[in-house]
Amino acid sequence: MKNKYVTTAIPYVNGVPHIGHAVDYCLADTYARYQRLINNEVRFQVGTDEHGNKIFLKAKEVGVPVEEYVTVNSKKFQDFIESLGVSYTDFIRTTDKDHERRCQEIWNKLKDHIYLAKYEGWYCTGCERFVTSKEYDENHGVCPDHQKAYEKLEEENYYFRISDFKERIKTAIETDEMLILPEFRKKEILKLLEDSPDVSISRPKSQLMWGVEVPGDDTQVMYVWMDALSNYITVLGYPDNPINDWWPAAAEFVGKDILRFHAILWPAMLMGLGLPLPKVLVSHGMVLADGQKMSKSIGNVVDPVEVLNKHGLDAFRYFFLRHVDTFADSDFTWEKFENAYNNELANDLGNLVQRLATLAAKNNIVVENSADINLPKDYTDLMDKFDFSKAFDYVWEKVQGINRKIDEERPWSLAKEGETEKLNQCMNELINELLVANKMLGPFMPTVAEKIATIFTDLIVPPEVPLFPKQ
Ligand code: MSP
């Protein structure tokens, strides 16, 4: 048994969750559940990122004191995470007092790599990111993600000397000491690393009120990313408690848009602290709505609560883990979702369970040898490579294969012909194959997998209502 620590990006609380936010959680939860399935011990962090100007300005806009605003929205994210069936163990808010104090201690430990200098350049509040003049020119002064002109800043900031760690970060990435997935993102990061200047890690309080104060300088607050990245270790108790039971993280799940912070600034901070790097950074693609980036101004933001209420948790996780590719961008449309629900969940899986359970109950079939189910190697190989959508495809092929086998072997004819022994053998084979598929399904769709396991233990009782009623 090994200890595995799993982390997710902590969302900004300047709005309510949308379907894109679900990706980190669904992937990380699948990984966590898979690790438990193969008998590892899991610690699993989620949380909310609550500082920075973006949030401060939004609270002001809606006329609510910022402390109250972040508390209300953080709760919305926590409720959302729970509604997705996420088996987390730790929930952190960056406004937690312990986190804030620990961030300051982290700052103090990094002091040898920090210096004060003047920053004259650009900033995007949407990204909460300092923008180089090269990027400014390439994007003609407008952030492509937020469609907002970059802000000009002229201020005194603390800088973090990334240059102290560049070579070591490069080696860690090249040798997979910190594995970046998918592989093709590695090159992008190595290029970015080459061009990375030292990073500004504070803002004057006159420009940013809402943040963790820089220790020993009450005129400055910490840059929100420095504060946010620290959450992965402060939640474990660093630096108050030893964290080596859990750290380094086995896997950190992040969207491709924020991989750069996790692959450059974060390892530099960890190196400065003398801590090992996360084993794997899994960078997933974006969910688009009808082929476009979701945005309030386009009005195409899909509300996850609507999807969950309409089709339930299992269907939600099914779509976001199988039809949303683990690594590439994917499109959400209601039509795709409903097709997947009716054709795959209702037809392939729901009908299969109904058919097998009804036949088994009618013919008093007793399931034998179901106790030791081994996971197929093809499946574990894909899961170990974090290629969850492909692993899910593999499981689905098995489900469809069982359906085909039923049609070929026609157990109902065996029953009619009184071939009791053959029927028993055939049904046992089919049910055992379903139980193997079901075990593989567990990390993806835990609720339905549990129902199926219950249906096929001891006395087989077919479900009174189909698992996935057609809609
Ligand atoms: N607060 C930072 C993360 C700090 S982690 C130390 C942040 N927040 S966010 O709310 O903008 O994004 C949170 C996560 O949601 C990120 O992993 C991001 O990539 C993901 N997604 C946000 N929109 C998404 C889609 N449309 N599709 C898939 N993932 C998306 O960045």
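Both backbone and side-chain heavy atoms feed into the values below; hydrogens, waters and symmetry mates do not. Both counts, for ligands and for their atoms, begin at 1 and track the order of listing.
A heavy-atom separation below 4.0 Å is found between Gly285 and ligand 1. Heavy-atom distances between Phe253 and ligand 1 stay at or above 4.0 Å for every pair.
From the protein, the heavy atom lying nearest to atom 31 (O) of ligand 1 is Ile258 CG2, 3.4 Å. From the protein, the heavy atom lying nearest to atom 2 (C) of ligand 1 is Ile10 O, 3.4 Å. With hydrogens left out, the protein atom closest to atom 7 (C) of ligand 1 is Tyr12 CE1, 3.4 Å, a heavy atom. Atom 26 (N) of ligand 1 has as its closest protein heavy atom Val287 O, 3.1 Å.
For a threshold of 3.5 Å applied to N or O pairs, the pair formed by Val254 and ligand 1 contains no separation below that value. For ligand 1, one of its N or O atoms has an N or O atom of Gly20 under 3.5 Å away. Polar contact check, Val23 against ligand 1: no nitrogen or oxygen pair lies under 3.5 Å apart. The N/O atoms of His262, backbone and side chain alike, include none that comes under 3.5 Å of an N/O atom in ligand 1. Looking at ligand 1, you'll find an N or O of Gly255 within less than 3.5 Å of one of its N or O atoms.
Asp198 contributes a side-chain N or O that, together with a main-chain N or O of Ser163, makes up a donor-acceptor pair within less than 3.5 Å. Counting only distance, with no hydrogens or angles, the side chain of Lys439 and the backbone of Ala449 share no donor-acceptor pair below 3.5 Å.
The aromatic rings of Trp247 and Trp266 stand perpendicular to each other, their planes meeting at an angle above 60°, with 30° marking the opposite boundary. Relative ring orientation between Tyr232 and His262 is described as tilted, the plane-to-plane angle lying within the 30° to 60° band. Using bins of under 30°, 30° to 60° and over 60° for the plane-to-plane angle, the ring pair His113/Phe165 lands in the tilted bin. Ring pair Trp225/Phe261 is parallel by interplanar angle, where below 30° counts as parallel and above 60° as perpendicular. Ring orientation note: the planes of Phe130 and Tyr119 are nearly perpendicular, at an angle over 60° on the 30°/60° scale. Relative orientation of the Phe337 and Phe320 rings is tilted, given thresholds of 30° and 60° on the angle between their planes.
Salt-bridge formation is not detected for the pair Arg93/Asp49: no Lys NZ or Arg NE/NH1/NH2 atom is positioned less than 4.0 Å from an Asp or Glu carboxylate oxygen.
Residue contact check: Asp49 has heavy atoms under 4.0 Å from atoms 1 (N), 2 (C), 4 (C) of ligand 1. Set against the non-hydrogen atoms of Asp24, the atoms of ligand 1 under 4.0 Å away are 14 (C), 15 (O), 16 (C), 17 (O). Atom numbering of ligand 1 starts at 1 in the shown order; those under 4.0 Å from a heavy atom of Ala228 are 6 (C). Of all atoms in ligand 1, listed by their number and element, those nearer than 4.0 Å to a heavy atom of Trp225 are 2 (C), 3 (C), 4 (C), 5 (S), 6 (C).
Here Phe184 contributes atom CZ and Ser283 contributes atom OG; the two are 7.0 Å apart, rounded to the nearest 0.5 Å.
Residue contacts with ligand 1 for His18 involve side-chain atoms from C-beta outward but no N, CA, C or O (heavy atoms, distance under 4.0 Å). Looking at His284 against ligand 1, only its side chain comes within 4.0 Å, counting heavy atoms. Of all the heavy atoms of Phe261, none lies under 4.0 Å from any atom of ligand 1, so neither backbone nor side chain is involved. Only the side chain of Tyr232 comes within 4.0 Å of ligand 1, counting heavy atoms alone; its backbone N, CA, C and O stay farther away.
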- Task: Could you walk me through whether Glu174 and Lys170 pass the salt bridge (Lys or Arg N to Asp or Glu O under 4.0 Å) test, one step at a time?
- Result: CA-CA 6 Å; Glu174 281 171 348; Lys170 184 167 175 257; 3.7 Å; yes
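With sequence neighbours excluded, the residues that form a side-chain contact (heavy atoms from CB on, under 4.5 Å) with Asp325 are Phe327, Ala328, Ser330, Ser389.
The closest heavy-atom contact to atom 18 (C) of ligand 1, among the options Asn231, Asp257, Val324, comes from Asp257.
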